[in-house]
Amino acid sequence: METMDRYQHSDVEEKWRMAWEKVKLDTPDSTKAKKPFYNLMMFPYPSAEGLHVGNMYAFTGSDIYGRFKRMQGFDVFEPIGLDGFGIHSENYALKIGRHPMDHAAITQKNFYNQLHKIGSMYDWSRTVETYNPDYYRWTQWLFIQMFKHGLAYRGKAQVNWCPGCKTVLADEQVVDNSCERCGNAVKKRELEQWFFKITAYAEKLLQNSFSLDWANKVKVAQQAWIGKKQGINITYQVVDKLGKPLDREVVCFTTTPVNFAATFLVVAPEHPFVTDLVGKMGVGNPSQTALDKENIVRIGQYVDEIKKKTHQDRIIEGRKKTGIFSGLYALNHVTGDRIPIWISDFVLMGVGTGAIQACPGHDVRDFEFAMQFDIDIKRVVIGSDGDSSPISTREQVIEHGPGKMINSGFLDGLPFEEAMTKTMDYFEQKGWGKRVTTYHLRDWLISRQRYWGPPIPMIYCEKCANDGNSWFTTEESKKMSFPRKRESSLRAMDPRLRGGDKRVAGWYPIPEDQLPVILPRIEDYRPGDDGIAPLAKHKEFYETKCPSCGGKAVRETDVSDTFLDSSWYFLRYPSVNNVIPATEPGSSIQGEWTPDQVRGDKKGLLPWDPEITKRWLPVPMYTGGAEHSVLHLMYSRFVWMALRDWGYLDFSGEAGSRFAGDEPFTTFYAHGLVIKDGSKMSKSKGNVVNPDEYIVRYGVDALRLYLMFTGPFDQGGDFRDSAMEGMSRWVQKVWRMAQNIMSKHSMVSSATIKKSLHIAIKKVGEDIERRRYNTAISAMMELVNTVVDEGPPAGEAGGVMAVEDLKDFLKILAPFAPYMTEELYQMVNTSQYTFTKSSSIHFQPWPAYDEKLLVEDTVQIVVQVNGKLRDTVRLKTQDVRRKSDVEKAVKTSAKVAKYLEGKTVKKVIFVPGKLINFVV
RNA sequence: GCCAAGGUGGCGGAACGGUAUACGCGUAGGUCUCAAAAACCUAUGAGGGUAAUACCUCAUGAGGGUUCGAAUCCCUCUCUUGGCACCA
């Protein structure tokens, strides 16, 4: 019989792909949608290997949710694009010796080809590619807004330099002191760079994070990265060895001021105190006779040695402390002692103030240092063990926790924590210290000395710089309003920011109507070792006129960080066709664009349409990898908050939005990763699986189902070929079952089948909502088993299921297997002659289940004796509500009687409709 | 070191106070066939026990606790995976 044929996936997929495209199935109306739902998935960077099943796993999991929402009546917008600018893509282009522009054109074609075939409901009319000038025009615009609002500045700083990628990196891109891209050990270099003041939003980023509906591990990672600490900066008077006060102070940050135990101070080798010491205070300074020449020389040598070491070297050497005595002392306020000031590399310049008050009895690192250099150790806290003996081992060091103060004057007897608060109060009162809040979060380093990115849209004029002018001295600047108070206290905190407002002298943004600054096609795009960007070798690019004085000026030749590209892409998607005419894919990356070609928008003010944005954003459901916790997900929140504060995003009057537009992604779901042969899929492991061959062999639907069946979506799955075969068999089984049902034209389902169907409808809906796709699929398998088992044997699969019920089953399967279900659904609906959007299975309402059908006529009651299962008894549903009825019925069981014989029943536990337990 | 998430059959995993091992893979045996493929059927945690049913005991990383009842809740330990880390 014809209908018993196998499901021919490739024909079906091709057919529906075209039909859906024709009726624009996946393109919601951006301006009129009544129930907009923006189902966002992190856009991929087009890697060299192409799309692998790891990507497809994530995309499919996001897509199933989107399809489900659409069947629930939402206007679902599910966009896709490519994050193709940046080091990753450029490195690969360099490796294979192909120009990044050509490479981008090729990977875009390949990637989009693959993405067309994975069964996702992407709106192909609105894609975003970060390297297109009509996109990066606005990335540059964003940079300029940052600058104009005082959130972008030039900073000379010790920055992370990757010798492999030959560029600087943001702190977030350094993993284990190595480059997250290429793995090379990161070196410190002092360079002048552009920074974004993300630290101005540290507090808001932190506070909002607590109530975000996000994957917990991501929130925890962000909170840790922001690293808020409250403590006190204590100022110490420096004295010489005779106790004579010098014109020097050292400020130490501490969260735990156990000052009665402070027996020395330690400053970082990079600390200005040390620089002063070596430079000025030593030789030839008559007032500093206390310092001898030899000592100063030794200190200089030590500092030089430390500067030569990389961060990695310091770690390899372990925790063994090194250091040198400075020859000077500080006065301990509370003990009056003269305590030595040491110089050591275990104190980091970037943390706190770069100087600490060392309390070896109550800090393990200080303890180790004191042991090494034979410095006094004092105990001021008795811990929960009651030990009050002198501290001589590491284990005795009490850093925090419960405890009582001793040897601490006015603090004696107080609980540890309370004493710390009291100390801070006291120090502030005396004017010795000031409470401060510090953050681990650093400003975002934006500059990259690379080629493949948006040129930073800035111009530097030396003449203006000398005259003390910048954009901030222009009329335009004076007209700008700053709704947000500038947090100058924060700026002062960060040592990188010291140096005042001269940081932007001579700098002007490109006038906005001249954007974009097109990235020119150059052939010498390789990065150099010298920290000079490839564009800096091209006069025709950088030579320009000063927008202010009209004199000779130069363009910035660095490009911006990839994470700036991706920090706002979700704002662009819904408006792509509404603000600027779409460009032909691939045509725009040949470097032949002029600003006039991309400046085709009517409004010309914003990269997004305000009305559309208000309708679709914030993103209600964002799916992606947790590896971007402190990168993309933090940067996007920052950029969004800044844009809002500047008045570029308006969500006023939005009811029901959790943060009233305060946050870009109200929900973030972190998906798991696909494992193959015990490890994460990666090219270096050689275990990358390309979905293409599986799609050809088994069909997309089978592959989607298989991937989702491997485990809970947030935990990832294990890819195995043999299990893939099994899922393929199931797809065929469904096909055969459906054919059979259709040939029988049954009008009613058997009671068992009807019930199974409704159980499945309920379960699948609930499971999709909580993204337990694996159990949703098993529920459908159970239903199919029930239907097939009821059918006549002898190989003729398919039982008594009504055609209408089959449709409902197809609907709940549709988000998982979009092609086969459409094919079968259209076969069932033979009355439809022309295919329209509304006749597609994907626009059918999600089936409702009938609560009454879920109730069983009879219920299995579990009978336990002392909590152990002894029997199960099937009773009529109406008889299981009352304890006495059940008890009576159950006691007729011989098995139960056997266990109750000769025993006295002390207690009977009864769970209505479920269980009865005799305690004897 | 600190923080987070996890350890369940041969394997992926279900169940998340109430029949542990759903669903699937694998394996074994069978049906159909000249044969194979496909499909279908049966069995499948471990151990004991029976002629065969029956039945019994033990198993959710280890140990303890709470409870009538624990894979599930609590404590201690251990291992795995992720994040942070000489952060003062």
Side-chain angles (χ1 to χ4, degrees), chain A residues 4 6 175-177 215-225 227 229 231 252-257 266 311 314-315 318-321 344-348 350-359 362-366 368-369 399 438-440 626-627 629-630 670 672-673 675 680 705-706 709-712 714-727 729-730 732-733 736 772 774-782 784-785 788-789 793-797 860-872 895 898 906-911 914-920:
Chain A
M4 296 307 280
R6 291 173 63 78
V175 176
D176 289 337
N177 298 297
N216 192 50
K217 61 176 167 182
V218 175
K219 294 207 288 185
V220 169
Q222 289 208 352
Q223 285 152 10
W225 188 258
K229 280 194 198 72
C252 299
F253 174 75
T254 179
T255 54
T256 320
V266 188
H311 205 96
R314 291 196 195 179
I315 283 169
R319 299 284 145 96
K320 199 180 163 207
K321 299 282 186 289
S344 170
D345 68 339
F346 90 87
V347 172
L348 307 175
V351 178
T353 58
I356 61 159
Q357 47 172 49
C359 310
H362 302 283
D363 182 288
V364 172
R365 291 152 306 171
D366 299 351
E368 284 168 355
F369 193 85
E399 292 187 323
T438 65
Y439 299 88
H440 170 255
E627 69 272 21
S629 295
V630 296
L673 299 170
I675 303 291
K680 194 161 108 182
L705 280 161
Y706 169 62
F709 190 59
T710 53
D714 58 348
Q715 278 173 40
D718 191 349
F719 193 91
R720 277 156 62 235
D721 281 13
S722 63
M724 177 70 239
E725 291 272 356
M727 189 55 81
R729 283 205 289 270
W730 188 70
Q732 296 298 342
K733 191 174 182 177
R736 266 181 281 120
R772 293 309 198 98
N774 56 333
T775 50
I777 293 166
S778 65
M780 289 188 281
M781 285 174 166
E782 287 180 64
V784 171
N785 286 347
V788 171
D789 286 350
E796 205 190 327
Q860 192 148 252
I861 294 292
V862 172
V863 187
Q864 295 181 336
V865 177
N866 281 350
K868 276 201 172 142
L869 173 75
R870 291 308 175 190
D871 199 6
T872 58
K895 286 184 199 166
K898 190 174 124 195
K906 279 199 275 187
K907 201 171 165 187
V908 181
I909 311 279
F910 178 64
V911 183
K914 257 189 180 164
L915 164 146
I916 187 154
N917 183 14
F918 297 96
V919 186
V920 296

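Residue numbers start from 1 in every chain, and the chains themselves are labelled A, B, ... in the order their sequence lines are given, proteins ahead of strands.
With sequence neighbours excluded, no residue forms a side chain to side chain donor-acceptor pair (under 3.5 Å) with N866(A). Shown here are the side-chain contact (heavy atoms from CB on, under 4.5 Å) partners of V908(A), two or more places apart in sequence or in another chain: K883(A), E887(A), V905(A), I916(A), F918(A). In this structure V351(A) satisfies the side-chain contact (heavy atoms from CB on, under 4.5 Å) test together with L348(A), sequence neighbours excluded. Qualifying salt bridge (charged side-chain N to carboxylate O under 4.0 Å, His left out) partners for E725(A), counting only residues two or more places apart in sequence or in other chains: R697(A). Residues passing the ring pair (Phe, Tyr, Trp, His ring centres under 6.0 Å) test with F369(A) are F264(A), W342(A), F346(A), F373(A), sequence neighbours excluded. In this view, T710(A) and Y57(A), Y706(A) satisfy the side-chain contact (heavy atoms from CB on, under 4.5 Å) rule, not counting sequence neighbours. For R772(A), the side chain to side chain donor-acceptor pair (under 3.5 Å) test picks out no residue, with sequence neighbours left out. Every residue two or more places apart in sequence or in another chain was checked for a salt bridge (charged side-chain N to carboxylate O under 4.0 Å, His left out) with D366(A), and none qualifies. In this structure Q732(A) satisfies the side chain to side chain donor-acceptor pair (under 3.5 Å) test with no other residue, sequence neighbours excluded.
In terms of position along RNA chain B, the nucleotide closest to V630(A) lies nearer the 5' end than the nucleotide closest to the other residue of the pair F253(A) and V630(A).
Using a 4.0 Å heavy-atom criterion, one finds that V919(A) contacts the sugar-phosphate atoms exclusively. No contact: G227(A) has no heavy atom under 4.0 Å from any strand. Residue D366(A) is out of contact with every strand shown, counting any heavy-atom pair closer than 4.0 Å. As judged by a 4.0 angstrom heavy-atom cut-off over every strand, D363(A) is placed among residues making no nucleic acid contact.
Put simply, CZ on R736(A) is 6 Å from C1' on A39(B), counting in whole angstrom units. Atom CE in M724(A) sits about 17 Å away from atom C1' in G26(B), given to the nearest Å. Rounded to an integer number of Å, the gap from CZ of F709(A) to P of G13(B) is 11 Å.
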Measure all distances between protein nitrogen or oxygen atoms and nitrogen or oxygen atoms of nucleotides 17-19 of chain B, and list the pairs falling under 3.5 Å.
residue	atom	partner	partner atom	Å
G18(B)	N2	Q864(A)	OE1	3.0
G18(B)	N2	N917(A)	ND2	3.3
U19(B)	N3	Q860(A)	NE2	3.2
U19(B)	O4	Q860(A)	NE2	2.8

Using atom names, set out every protein N or O paired with an N or O of nucleotides 2-5 of chain B below 3.5 Å, distance rounded to 0.1 Å.
none

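Using a 4.0 Å cut-off, no side-chain N or O of H362(A) falls inside it from OP1 or OP2 of A88(B). Checking the phosphate oxygens (OP1, OP2) of G24(B), no side-chain nitrogen or oxygen of N774(A) falls inside 4.0 Å. Note on K907(A): a side-chain N or O is less than 4.0 Å away from OP1 or OP2 of C68(B). Residue K868(A) places none of its side-chain N or O atoms closer than 4.0 Å to OP1 or OP2 of G69(B). Between R365(A) and the phosphate of A85(B), there is no side-chain N or O to OP1/OP2 separation shorter than 4.0 Å. Under 4.0 angstrom from either OP1 or OP2 of G24(B) there lies at least one side-chain N or O belonging to N785(A). Neither OP1 nor OP2 of C55(B) sits under 4.0 Å from any side-chain N or O of R870(A).
Comparing C86(B), A22(B), A14(B) against the side chain of R772(A) picks out A14(B) as the nearest. Considering only the side chain of W225(A), A85(B) comes nearest among C68(B), A15(B), A85(B). Set against A39(B), G24(B), G13(B), the side chain of R720(A) has G24(B) as its closest nucleotide. Nearest to the side chain of S778(A), among A22(B), A88(B), C25(B), sits A22(B). Here C87(B) is the nucleotide among C87(B), G24(B), C84(B) with the atom lying nearest to any side-chain atom of L348(A). Side-chain atoms of T710(A) lie closest to G12(B) of the nucleotides G12(B), C56(B), A22(B). Nearest nucleotide to the side chain of S722(A), out of C56(B), G26(B), A14(B): G26(B).
In G48(B) the O4'-C1'-N dihedral to the base is more than 90° from 0, which defines an anti nucleotide.
Annotation: G61(B) and G7(B) have their C1' atoms spaced 6 Å apart (nearest Å). Spacing of P atoms, G26(B) relative to A38(B), comes out at 11 Å, to the nearest Å.
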Under a 3.5 Å cutoff on both atom distances, Watson-Crick or G-U, what's the dot-bracket for RNA chain B ([ ] crossing, | other strand)? (((((((..(((.....[..[.)))((((((.......))))))((((......))))].(((((..]....))))))))))))....
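Shortest non-hydrogen contact noted between I777(A) and L705(A) is CD1-O, 3.5 Å.
Two residues are said to be in side-chain contact when any heavy atoms from C-beta on lie closer than 4.5 Å; W225(A) and S629(A) fail this criterion.
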Walk me through whether R6(A) and R736(A) qualify under side-chain contact (heavy atoms from CB on, under 4.5 Å). CA-CA 7 Å; R6(A) 291 173 63 78; R736(A) 266 181 281 120; over 6 Å; no
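No donor-acceptor pair closer than 3.5 Å links the side chain of Q864(A) to the backbone N or O of R870(A).
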